[in-house]
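Single-structure report; data block below.
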Amino acid sequence: MTNAPMDYDLLVIGAGPGGYHAAIRAAQLGLKVACAELGAVGGVCLNIGCIPTKALLHAGETMAASRHAGEFGMNFAAPSLDISKLNGWKDGIVKKLTGGVSGLFRANKVTHLVGQASFVDAHTVQVGDKTVTAKSIIIATGSEPAALKGLDVDQKFIVDSTGALDMPDPIPARMLCVGGGVIGFEFAHIYNNLGSKVKIIEFLPNIIPGADADAVKEFGKAMSKQGIEIVTRTKANSAKVVGNEVQVEIENVETGEKTTETFDRVLVAVGRRPRTHGLNLEAAGLHVTERGFIEVNRKMQTAAAHIFAVGDVAGNPMLAHKAMKEGLVAAEVAAGKPSEQDAVAIPGVVYTSPELAWVGLTEQEAKDHGYKVKTGVFPMSASGRAMTLQSTDGFVKMVVEEGSDLLLGVHIVGPHASDMLGEASLALEMAATASDVALTIHAHPTLGEAVLEAAEAVHKQAIHIINR
Amino acid sequence: MTNAPMDYDLLVIGAGPGGYHAAIRAAQLGLKVACAELGAVGGVCLNIGCIPTKALLHAGETMAASRHAGEFGMNFAAPSLDISKLNGWKDGIVKKLTGGVSGLFRANKVTHLVGQASFVDAHTVQVGDKTVTAKSIIIATGSEPAALKGLDVDQKFIVDSTGALDMPDPIPARMLCVGGGVIGFEFAHIYNNLGSKVKIIEFLPNIIPGADADAVKEFGKAMSKQGIEIVTRTKANSAKVVGNEVQVEIENVETGEKTTETFDRVLVAVGRRPRTHGLNLEAAGLHVTERGFIEVNRKMQTAAAHIFAVGDVAGNPMLAHKAMKEGLVAAEVAAGKPSEQDAVAIPGVVYTSPELAWVGLTEQEAKDHGYKVKTGVFPMSASGRAMTLQSTDGFVKMVVEEGSDLLLGVHIVGPHASDMLGEASLALEMAATASDVALTIHAHPTLGEAVLEAAEAVHKQAIHIINR
Amino acid sequence: RSAQAALPTASPAPAVPERESRVTGIRVLAVPAARQLARELGLDIALVSGSGPNGRVRPLDVHQHMERQRNGGAAARPVAPT
Ligand SMILES: Cc1cc2nc3c(=O)[nH]c(=O)nc-3n(C[C@H](O)[C@H](O)[C@H](O)COP(=O)(O)OP(=O)(O)OC[C@H]3O[C@@H](n4cnc5c(N)ncnc54)[C@H](O)[C@@H]3O)c2cc1C
Ligand SMILES: Cc1cc2nc3c(=O)[nH]c(=O)nc-3n(C[C@H](O)[C@H](O)[C@H](O)COP(=O)(O)OP(=O)(O)OC[C@H]3O[C@@H](n4cnc5c(N)ncnc54)[C@H](O)[C@@H]3O)c2cc1C
């Protein structure tokens with residue numbers, strides 16, 4: 001590094017949600033910003049993650065809704081399904097959003113550098129065949145799917161989440177999802193609604209690790225009811241494509257019993273790992289942890305104070321909104337602001353129908369933290385609005401500190417659960433009590449009344465259930 | 001009145017949302033409670049209001065969704081529609097909910113007295129052929145549709161909101177809604193989705209009185225786009241049933257121009273008036289205001305401190321959640337608690353698709369109150385989640401006090417807008433600032449991100465739009 | 001994880017600040033805007049006593065804390081400065 005003026009105030013590496021939020025916020029704050037991206041702007045989230053899955057989920061749910069319409073006398077024949085149009089529609093939304101990010105880069109005067117970024121020294125980065133210098137650097141290189149030994153992804157018969165987004169024609173009759181986490185369940189739901197017979201296998205004793213045990217149980221019940229077969233304490237040892245089928249050896253990890261089952265498509269969704277290969281971190285004096293993450297403090301600074309890391313590469317949970325928040329914080333700190341990632345709670349969502357959505361501590365986590373815990377539960381089956389939406393599976397569960405009445409966590413299974421997270425998240429950040437929620441008028445008839453009633457239930461004063 | 005012990009600690013008159021909430025809460029607090037109801041428990045809201053409309057709205061939206069599914073290659077033929085099954089399904093939900101209220105009365109030991117209640121003196125009420133005494137009395141007798149001169153409701157061709165709930169077979173080809181308020185628009189949306197050609201006429205210059213002007217404009221645009229014809233400054237002078245048709249004289253109140261148009265069904269939805277007839281209020285020393293309401297203080301007490309009035313009969317806005325809140329307050333005060341109706345904000349919703357939902361002050365109201373106002377607007381067309389839901393009309397508009405950053409009002413047009421009210425209402429009740437909302441992590445991709453972005457837009461720091 | 005980090009751990013659960021601001025809890029009970037304001041003023045939010053339920057700190061409490069400090073710190077809480 002010389003004493004020559006730097007090319008940029010800030011170089012962001014990676015244009016996923018973490019990176020593009022950082023780049024745009026830094027530009028808003030007056031910095032001269034470049035963003036290096038080797039692939040498409042928008043990262044995993046816009047291109048092959050959050051967005052295309054939600055598009056397919058909507059299509060699947062429209063199919064399911066047409067089936068349930070018979071209950072109120074609206075009888076649909078099975079629709080014809082133009083799979084290439086479905087894929088095209090999904091891709092169109094992705095294109096609109098990534099095009100939007102490019103437009104925002106231009107409008108905010110963020111220079112988009114095309115190519116793989118690799119550190120030369122702590123202020124110098126090679127991007128493709130260019131070398132650029134920057135006062136601050138934000139690493140936002142995200143993550144990639146973890147591989148599973150014995151299951152070689154061919155993106156046709158054996159797919160990862162990226163391959164699974166390309167809906168095949170015809171829809172596979174038998175689908176196996178290896179991994180009962182968020183991604184596994186979203187795809188299971190999509191394929192199940194579009195006509196596949198779906199089985200999910202999960203190594204751990206519980207699906208959706210990290211979510212509240214009661215909520216997970218309720219969620220699993222709802223998914224099973226829809227025809228998804230869920231098996232825990234089970235793993236896939238190998239998968240072999242034979243003709244147009246996949247033969248999978250499945251093992252019960254408790255009994256050691258092995259069976260071979262045949263599927264038309266197999267999804268491997270067993271987690272993601274941080275992506276730092278090719279970055280040449282050592283040249284900047286940086287290292288990764290045992291699990292491959294780049295360590296940061298609350299200001300998102302790495303061991304080198306002018307280099308930041310945000311998003312999936314900076315640690316769990318690997319979620320887009322965490323990446324966004326961290327991107328904003330890093331950009332603000334780089335611009336001299338006193339920002340910190342001080343979020344009380346990072347929400348999680350499974351965007352199925354019903355949705356599973358939560359924020360804050362699970363009941364068990366709250367107990368583990370030493371809180372004396374009270375809970376309040378209100379079932380969706382007692383919600384008038386849920387009845388009119390034909391979606392009465394689920395509940396709202398509130399975890400509250402006894403005595404102080406402080407809200408610690410909110411766990412929702414139900415229609416539009418993710419929309420109710422707004423209130424729950426704000427309540428946690430504002431250090432609200434259950435009474436604050438219970439005393440707030442909630443419009444009738446809305447699903448949000450279930451949040452109100454769960455808060456009332458904490459005090460044994462819910463109206464629409466018998467409080468015990 | 002004698003000095004004999006009273007029959008009840010509390011008598012509630014009317015088992016609508018105001019009344020049944022009051023009765024149950026009072027019982028929870030240990031009072032001996034009776035509730036007099038001349039009709040069905042649940043009142044207007046459960047039987048002929050909030051709930052059955054939402055059921056029909058869901059049916060209509062399912063129809064609309066099937067039409068839009070072609071965009072992603074899912075092609076549905078027009079479904080067959082069994083109207084009696086549709087009506088039956090809707091009635092089934094009503095029955096489940098009203099049965100639920102009866103069950104809650106039993107579980108909470110609330111005595112249900114059947115019959116019309118009429119005051120004998122300030123502590124004595126005749127209910128049917130029984131006379132009962134009570135220490136406290138809550139009047140929750142609700143409201144009924146206002147009539148319109150020249151349009152005689154026959155509940156077949158010319159209907160009020162109750163008649164409109166009975167879907168006719170076939171669906172009327174041409175429908176007129178007289179009155180462009182919430183009820184008019186909800187029915188317009190139902191009938192339009194189910195195949196009617198719908199026209200709405202409104203006397204005032206604006207539809208949905210009380211809502212924010214920008215939001216109303218955006219909402220009206222969305223409704224027009226769906227094929228609903230909206231005409232303001234227009235009134236219906238008369239309607240005449242001729243054969244199976246209704247001939248309506250419509251007058252432009254600005255030009256005085258009159259035309260006669262023909263419809264298959266005409267809905268009169270020009271407001272509601274408080275219901276006190278038959279109550280014999282004078283015997284309790286009570287009177288109604290010029291507009292027919294019973295005046296109350298913040299403890300919901302009438303001129304007689306032991307007699308309360310709640311819900312539609314106690315004043316505007318005539319909304320179920322206002323009635324519920326007031327019912328709880330009155331019950332708590334009757335039980336000796338220091339409760340007050342101190343809500344900062346009472347939300348309003350039009351449950352169409354997109355929905356219009358708001359809480360707090362409109363921009364104009366805020367200015368009229370003397371606030372120096374800043375606003376932040378984020379369009380649904382920039383929301384990834386809205387795109388995946390095929391519902392990008394609308395926006396979130398935040399009204400904020402300049403300087404203090406205090407949130408004053410939130411106005412939403414968009415999918416699931418009513419679900420986002422939870423956060424907005426809590427924010428207002430907790431005296432949150434726009435920064436509080438902007439600093440709270442909102443899950444991605446959710447519609448709630450539009451709330452976050454509107455808060456950021458107040459500070460010209462929204463990410464997904466160009467801030468000006 | 002680095003010692004000073006108080007970042008999300010393995011699951012989407014809240015970050016848990018290591019320092020305790022009050023006996024019954026492990027969170028700093030302050031609204032987001034107050035936390036931001038304290039940082040802008042170079043103040044440790046944990047030292048500000050809040051006027052809300054459970055000692056919840058709002059921006060006004062932060063301003064009042066600064067005011068008290070300017071007036072000689074007489075009314076400041078007896079907490080050792082960091
Ligand atoms: C199927 C699926 C569904 C998901 N759904 C959701 C959801 O609904 N909600 C949610 O919150 N999260 C979801 N996620 C997770 C979410 O996508 C990630 O948390 C998010 O994308 C992380 O953002 P990021 O900015 O850290 O990294 P990424 O989005 O991974 O972006 C990193 C970018 O950096 C680029 N890059 C990497 N290395 C270099 C280099 N050396 N030089 C230049 N560029 C480089 C990459 O090309 C990429 O574009 C989902 C993930 C998947 C796979
Ligand atoms: C079509 C329609 C849709 C609506 N949709 C919504 C909505 O989505 N959201 C919303 O918030 N509001 C909605 N409303 C308004 C809502 O229904 C009312 O605000 C609410 O019902 C008021 O509750 P209440 O308890 O004050 O009175 P009511 O619900 O009117 O109940 C009063 C009860 O008292 C009984 N009664 C009256 N006089 C006597 C007497 N003398 N003796 C014994 N019993 C008596 C009546 O029989 C009735 O059961 C809607 C209204 C209509 C008409």
Side-chain angles (χ1 to χ4, degrees), chain A residues 21 24 28 50-51 54-55 58-59 62 65-66 69 71-77 79-82 85-86 89 93 97 107 320-321 325 343 346-347 349 384-385 387-389 416 418-423 425-427 429-430 432 436-437 440-448 451 461 463 466, chain B residues 21 24 28 50-51 54-55 58-59 62-63 65-66 69 71-77 79-82 85-86 89 93 97 107 320-321 325 343 346-347 349 384-385 387-389 416 418-423 425-427 429-430 432 436 440-448 451 461 463 466:
Chain A
H21 274 69
I24 293 172
Q28 288 173 339
C50 325
I51 295 298
K54 302 325 160 266
H58 173 66
T62 304
S66 76
E71 276 177 40
F72 49 78
M74 195 178 282
N75 300 300
F76 289 98
S80 74
L81 192 52
D82 180 341
K85 198 162 176 188
L86 175 60
W89 171 73
I93 292 174
L97 285 167
H321 41 277
K325 176 69 168 188
I346 299 174
V349 182
R385 181 68 162 146
M387 286 183 205
T388 65
L389 292 172
H416 307 191
S418 65
D419 295 327
M420 282 179 271
L421 278 185
E423 176 175 12
S425 301
L426 186 73
E429 292 294 342
M430 301 281 296
D436 285 322
V437 175
T440 295
I441 296 183
H442 286 63
H444 178 81
T446 61
L447 296 165
V451 176
Q461 292 213 324
I463 292 295
I466 297 157
Chain B
H21 274 68
I24 292 171
Q28 288 173 339
C50 325
I51 295 299
K54 302 322 161 269
H58 173 65
T62 304
M63 181 74 100
S66 75
E71 277 177 39
F72 50 77
M74 196 177 281
N75 299 302
F76 289 98
S80 75
L81 191 53
D82 180 340
K85 198 163 175 188
L86 175 60
W89 172 72
I93 293 174
L97 284 167
H321 42 277
K325 175 71 167 186
I346 300 173
V349 182
R385 181 67 162 150
M387 286 182 204
T388 64
L389 293 172
H416 307 191
S418 65
D419 295 326
M420 283 179 270
L421 277 185
E423 176 175 12
S425 301
L426 186 72
E429 291 295 342
M430 297 209 53
D436 287 321
T440 295
I441 295 184
H442 287 64
H444 177 82
T446 60
L447 297 164
V451 177
Q461 292 213 324
I463 292 295
I466 297 157

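In what follows, every chain begins at residue 1, and chains take the letters A, B, ... in the order their sequences are listed.
Heavy atoms only, all atoms of each residue included: A:H442 and A:E423 are closest at NE2-OE2, 2.7 Å. Taking every heavy atom of both residues into account, B:M74 and A:P79 meet most closely at CG-CG, 3.8 Å. In terms of heavy atoms, A:D436 sits closest to A:T440 at O-OG1, 2.8 Å.
Both the backbone and the side chain of A:Q461 come within less than 4.5 Å of a heavy atom of chain B. Heavy-atom distances place no part of B:V451 under 4.5 Å from chain A, backbone and side chain included. Proximity to chain B involves both the backbone and the side chain of A:A443, based on heavy atoms less than 4.5 angstrom apart. Looking at A:K325, only its side chain comes within 4.5 Å of chain B, counting heavy atoms on both sides. Both the backbone and the side chain of A:V437 come within less than 4.5 Å of a heavy atom of chain B. In this structure, the portion of B:L421 lying under 4.5 Å from any heavy atom of chain A is its side chain and not its backbone.
Between A:F72 and B:H58, the ring-plane angle classifies as perpendicular under the 30° and 60° cut-offs.
Remark: A:H416 pairs with B:H416 by the ring pair (Phe, Tyr, Trp, His ring centres under 6.0 Å) rule, at least two apart or across chains. Remark: B:A343 engages A:I441, B:Q341, B:E429 in a side-chain contact (heavy atoms from CB on, under 4.5 Å) (not counting sequence neighbours).
Your options are A:S80, A:A320, A:A55, and the one with the most heavy-atom pairs under 4.5 Å with chain B is A:S80. For the options A:G448, A:G384, A:G422, A:A432, heavy-atom pairs under 4.5 Å to chain B are most numerous at A:G422. Of the listed residues (B:I51, B:V349, B:I346, B:I466), the one with the most heavy-atom contacts under 4.5 Å to chain A is B:I51. Each of B:D82, B:T388, B:I93 has some count of heavy-atom pairs under 4.5 Å with chain A, and the biggest count is that of B:T388. Ranked by heavy-atom pairs shorter than 4.5 Å toward chain A, the options B:S425, B:P445, B:A107, B:A65 are led by B:P445.
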Can A:L389 and B:K54 be said to form a side chain to side chain contact (heavy atoms under 4.5 Å, CB included), step by step? CA-CA 8 Å; A:L389 292 172; B:K54 302 322 161 269; over 6 Å; no
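A donor-acceptor distance shorter than 3.5 angstrom exists from the side chain of B:H321 to the backbone of B:P347, with no hydrogens or angles considered.
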